[in-house]
Every structure is written in C-alpha cells, then in structure tokens.
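Below, each value reflects all heavy atoms present in this structure, side chains not excepted, and no hydrogens, waters or symmetry copies.
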Amino acid sequence: MAMSTRKRRPQPSDPSSSSSSSYTKLDKPGKSESDEEGNKGLSWILPFLALGILRHMSAMSNIIHDCDEVFNYWEPLHYLLYKFGFQTWEYSSQFALRSYLYILFHELVGRPASWLFGEEKVRVFYAVRLFLGLLSVITETVLVVALSRKYGKRLASYTLAMLCLTSGCFFASTSFLPSSFSMYAMSLSSGLFLLEKPAMAVAVAAVGVILGWPFSILAFLPVTFFSLARKFKQVFVAGAVTSVALLALSLLVDYSYYGKWTSSVLNLLLYNVAGGGESHLYGTEGPLYYLRNGFNNFNFCFVLALLFLVILPIVRKKYAPDLLIVVSPIYLWLTFMSLQPHKEERFLYPIYPLICVAASAVIDSFPDFFSDKYDPTKNYVLVMIAKTLRPVVLSLILCASHARTFSLINGYSAPLEIYKLLEHHEDVGKSSVLCVGSEWHRFPSSFFVPGFIGEVRWIDDGFRGLLPVPFNSTLGGTAAAPPYFNNKNKASDDQYLGNVEACTLLVELHLSRPYPYRGSDASTWEVIGALPYLDRELSPPMYRSFFIPNVWQYKNIFGMYKLLRRIPK
C-alpha cells in the first residue's frame, strides 16, 4: 500500500500513466512514440551478413571433432554418391539405428555438387559444409531478429556477437551431425516462439527431433508445452501432422535402404532406453565433464548463462516468462546429460545458441542490479559503471573465444590438410592401398581420398574395438547385415589388413613416445608430407586450450602428422 501512494516528481516523458504491468520495449523511459517506430528491432540483413561471413569461415576451416561424424554421416553419404564408403554396425540392417532420411537431406546438395565437381570430391565435401553453414545462418538470424523485436537491439546484438564468435557455435554450426541439426531447429523454434508463432515453433521442433536427433526432444519440451498452453488446437495439429508425416517418410526411406520394414528412430530409442544402450562401452566421464567442456567452448559466456536463473528475481519483469521458457532447456539438458555415464561434446550442441542468449541477457542486465526501481532514469555511479562493464565483459568473452578457436584450428587441422596432399601423388599408381593404423579415428572421410587410391585399409596397432568396414555390395550394400558386426564393440578379424606389405601409402602421427613407428624405417618409407600436430598429453592445459600470441608455439609440444610412401624395391 505504501508503494501505491508513493509520489514522484513528474517528468516530461514519464510513462507512469500506463496501466500495463508487463514489460516491453515501450516501458523504457524517455522514448517518444516516433522513437519507438524506428526501434522495431534489427533488420534481417545485418545478422544474416554477419553470421554468413563467420559460418563461411567455419565451413572452410573447421576441423572434424568426432570420428562419429565421419563414419556415421560423411561415409554413408559418400557411399550414396560414389558407391564406396565405410559402414558402421549402426548401419547394419540387423540393427538399423541410423536414419537414411537424414543422409538423403544432405544428398540434396551433395548429389548436384558431385555432378558439378566430378572427381574433385573435396569440393563436394565443402559444398555440403557450406549448406550446413547456410542452415545455421538462416535459423540463427530468425532468433536474433526475434530477440531484437521482443527485448531490444542491445540484447540481440550481444547474442549475435556470441553466436558469431564463441568457439562452440563456430564449430558446431558446420558439423555434419544430427545434434547440429537439432541445434538449428532449436534456434528457429525459439525464434518463432518469441515472434508469437507457436504452431510453427512446435512444427520445427518436431523436425529437429525426428529428422535430427530423437533424444533432443527433452530440450524442446518447454517451448512445446507453453505453445500448447497458448493455442492448443492449432499447435497440436501442426506438431502432430509434421510428426506423422516425417515418421511415415522415415519409415519408407528406411525400408528402401535397409530392405525391410523398420524404423531407425524407434530402433535408436529402444536400443538406448529400453535396451540399456550399453553406451559405457564407448567410454564414460564424470558428472563435471559438461561443465568443463562448456567453459572450454564458451569461457565466461557459459558461466554467465548458468547465472541467468540467479538474476531472474531482479529482472523477472523483463525476461519472464518468454525468455525464461526459451533458455530453460540449458538447465534441463545439462542436468539430464550429466547423469548419463557416456558423455561427448556433441551431445550439448542443441543448447549452444541458448547459452549465448542467456549470457547476453545477464550482461544486458548489469545496470539493473543497481538501478532505483522507483526511478530508473537516475544514473547512479554504480549504474554507470555497470553499463561500462557490459562491453568490457563481452569483449573479454569474444577475445577468449577467438583464442580457443584459433588454437584448435592451428593445433589439430593436420589430418584434413595431410589427406588433401594425396591428390598431388597420383604417380604412386592406380589401385594403391592407403593404410591407416592408430590414426583411424582421425580419418577425415573418403571425400579426401582420390580416385586412384584403390582402397583404404586399417592396420592393427593394438586397438581392440570394432572398426568400420567398407559397405559390401555383394552382401546387399545398405541392406546388408554383415556377420562381422556386433553391438558389443568387439573387434572383428576382418577389419584389419593382414599383409602390411600390401600398403602403398601410410598415414601416421609421430609423437615423442618411447615406442617405434612403422614410418620411422627410412629404408622402407619416405615422407611425402608432414605437418605439426599439437600433442595434447604433453602440452600445458592453459596454453593448448587458448592461443596466446608469441607463447602458444613455444609452450606447447608438437608431433608430426605424416603421409609416407613405400620406397620401391
């Protein structure tokens, strides 16, 4: 009651006569109606161009962070385009855990690119990557514009800067992974929700779950539930029709490629949920893994994003409920994924854009911690300091992000660059055999293997897990159920080349370790390409994680990634 009778000195532009209690941009004091007409948010062109430049850079310079990207997505696509590629057990028709509908979606670009570039398969690889970058640009542009229209240009601009430059978004945006596709859908669905298009938001969420990654359904639940609460019939119909259509299409595609009626979406869910999944066979991590990983990829941006809930009581009028609904998947997803024993960096991709949004909201709210709630127009000293801190903190985040990105690209790009050298050594002869030992997990895909290479074979360097094996057309190609595949990660005798003398070319990483390398035998092998590769185990964590000019090169330890050719006898 005391608050309702408190009187203030009237101001020329005092908006206190307004009876609305919800926060909008119009609640900001000192703004005339004409000012607001010119402040309807960012134009579409600015975020599109900014994101376009950075996503193009990502497509052309991004490394491959996970062998799963190569063997479960690039290799099946290569097989569809060129009738050769490595097959994993998940693509065996006995298990049928992977969706060919997702691969076909990328073939829409890969097929015309293969016609255009012919045997220049590396260019087809980058054409698909540019397509992935374009999807990221479009979806994130919608999110940024929606934020600007709902909450103002400052919040949207901060988010745009972080989407462009944080390492996590830079790398995930052009990765050929279902979790990246779900990330695109998350950006678009969140943007549409803020633009008050709930039916479209839920339809996009369904695409992200069914065409992308089924487990990401948890991350889409907040937007879906609140969209249903606002326009139930319209939203339910849009979500149901989209889901049924995609599931039916997925079923038909799976039948076409696996040669039997099966649903890869259902198989994946049953294997991981009902069947237990046995994901521990592929490694386990502690509960703090994602916190460390989040800081590596987003530095202080990640810390600020986690603090969003802490500052919400102070700025709830600004951000509740809509922005809270949009960023809430961060906390749901982090909690759920941290409880799983098997953890991988790519599992966090769906919430990457939301981390940028939440952190930007915290930075934008710095002055609110010190402002007078009765007279927000007063510029106290602490308020002025807080306003100054906003660009300082943002700059710190962006500089640290650039240092992280630069370190990863320069430290670990050798595998991609070494395989590109193959096209300059056609003189080794037709039907050459390229052998790869312990470096099998850094193989950048068959798109980097020229046509004169007869085959790529793994050689036994002590690994006892199950490796990918070339698709076998004799057994049925994509419909095959090769007997050497199993879901227990047990090695098969058929995965290794028995006669190492058949190797014409060899790829090895030479590190400072007290054991011999095949390529060290100068009487048998000659080096035709070598590039430095950062030795993660021997390099200090601080210096290997972030590029520091004039220090990074000297503080870190490097091995040599080598391409070798057998010396003719």
Side-chain angles (χ1 to χ4, degrees), residues 50-51 53-66 69 129 133 136 140 158-175 177 179-180 183 285 288-306 330 334 343-360 362-363 391-417 442 532-558:
L51 287 163
I53 293 171
L54 270 297
R55 295 301 173 253
H56 180 271
M57 292 173 63
S58 173
M60 303 309 293
S61 63
N62 197 0
I63 62 175
I64 293 177
H65 301 260
D66 193 323
E69 177 182 355
R129 265 200 174 175
S136 175
E140 289 169 2
Y158 290 169
T159 303
L160 174 61
M162 292 190 188
L163 288 171
C164 285
L165 294 173
T166 49
S167 301
C169 292
F170 185 86
F171 291 126
S173 61
T174 54
S175 294
L177 289 166
S179 51
S180 282
M183 181 185 73
E285 298 286 348
L288 299 181
Y289 173 82
Y290 287 124
L291 296 180
R292 295 193 301 270
N293 188 266
F295 185 80
N296 280 339
N297 285 312
F298 289 92
N299 57 83
F300 299 105
C301 173
F302 185 70
V303 177
L304 292 174
L306 296 181
I330 297 175
L334 270 176
K343 299 176 178 67
E344 295 188 39
E345 180 177 310
R346 58 191 167 93
F347 292 170
L348 284 194
Y349 284 6
I351 62 170
Y352 273 9
L354 307 185
I355 292 173
C356 297
V357 174
S360 299
V362 174
I363 295 175
V392 172
V393 172
L394 181 64
S395 298
L396 178 63
I397 290 171
L398 299 184
C399 287
S401 297
H402 179 70
R404 170 72 174 174
T405 302
F406 204 82
S407 178
L408 290 182
I409 291 176
N410 284 273
Y412 302 106
S413 62
L416 283 172
E417 300 306 318
R442 296 190 181 100
Y533 187 87
L534 199 152
D535 190 332
R536 185 181 182 278
E537 292 182 12
L538 297 184
S539 299
M542 175 65 182
Y543 295 109
R544 73 167 184 255
S545 297
F546 299 96
F547 181 86
I548 303 174
N550 301 319
V551 175
W552 185 83
Q553 299 93 320
Y554 306 109
K555 291 290 186 179
N556 289 312
I557 306 298
F558 295 86

Next item on the list: Give the C-alpha distance, both sets of side-chain angles, the deciding distance and a yes or no for side-chain contact (heavy atoms from CB on, under 4.5 Å) between L348 and I355.
Entry: CA-CA 10 Å; L348 284 194; I355 292 173; 5.8 Å; no
Side chains of [X] and [Y]: closer than 4.5 Å at any heavy-atom pair?
X	Y	answer
V393	I397	yes
S539	K555	no
K343	N293	no
N299	T166	no

Donor-acceptor pair, side chain of [X] and main chain of [Y], under 3.5 angstrom:
X	Y	result
S179	R346	yes
S61	M57	yes
S407	A403	no
S167	R404	no
N62	F171	yes

Note to self: Would you say the ring centers of Y554 and Y543 fall short of 6.0 Å from each other?
What the structure shows: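 Here the rings of Y543 and Y554 have centres that are no less than 6.0 Å from each other.
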Item checked: Sub-6.0 Å ring centroid separation between F558 and Y533 ->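 When the ring centroids of F558 and Y533 are compared, they turn out to be at least 6.0 Å apart.
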Could you give the distance from [atom1] ([X]) to [atom2] ([Y]), rounded to the nearest 0.5 Å?
X	Y	atom1	atom2	result
I330	Y352	CD1	OH	12.0 Å
E69	I63	CD	CD1	10.0 Å
L306	C301	CG	SG	9.5 Å
T405	F546	OG1	CZ	9.5 Å
S545	N296	OG	CG	5.0 Å

Next item on the list: Take the angle between the ring planes of F547 and W552 and call it parallel below 30°, perpendicular above 60°, tilted in between.
Entry: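 F547 and W552: tilted rings.
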Next item on the list: Please lay out, stage by stage, how F302 and L291 fare under the test side-chain contact (heavy atoms from CB on, under 4.5 Å).
Entry: CA-CA 9 Å; F302 185 70; L291 296 180; 4.0 Å; yes
Item checked: salt_bridge(E140, R55) N-O dist < 4.0 Å -> yes
Next item on the list: Report the residue from Y290, F300, Y289 that forms a ring-ring contact (aromatic ring centres under 6.0 Å, His included) with F295.
Entry: F300
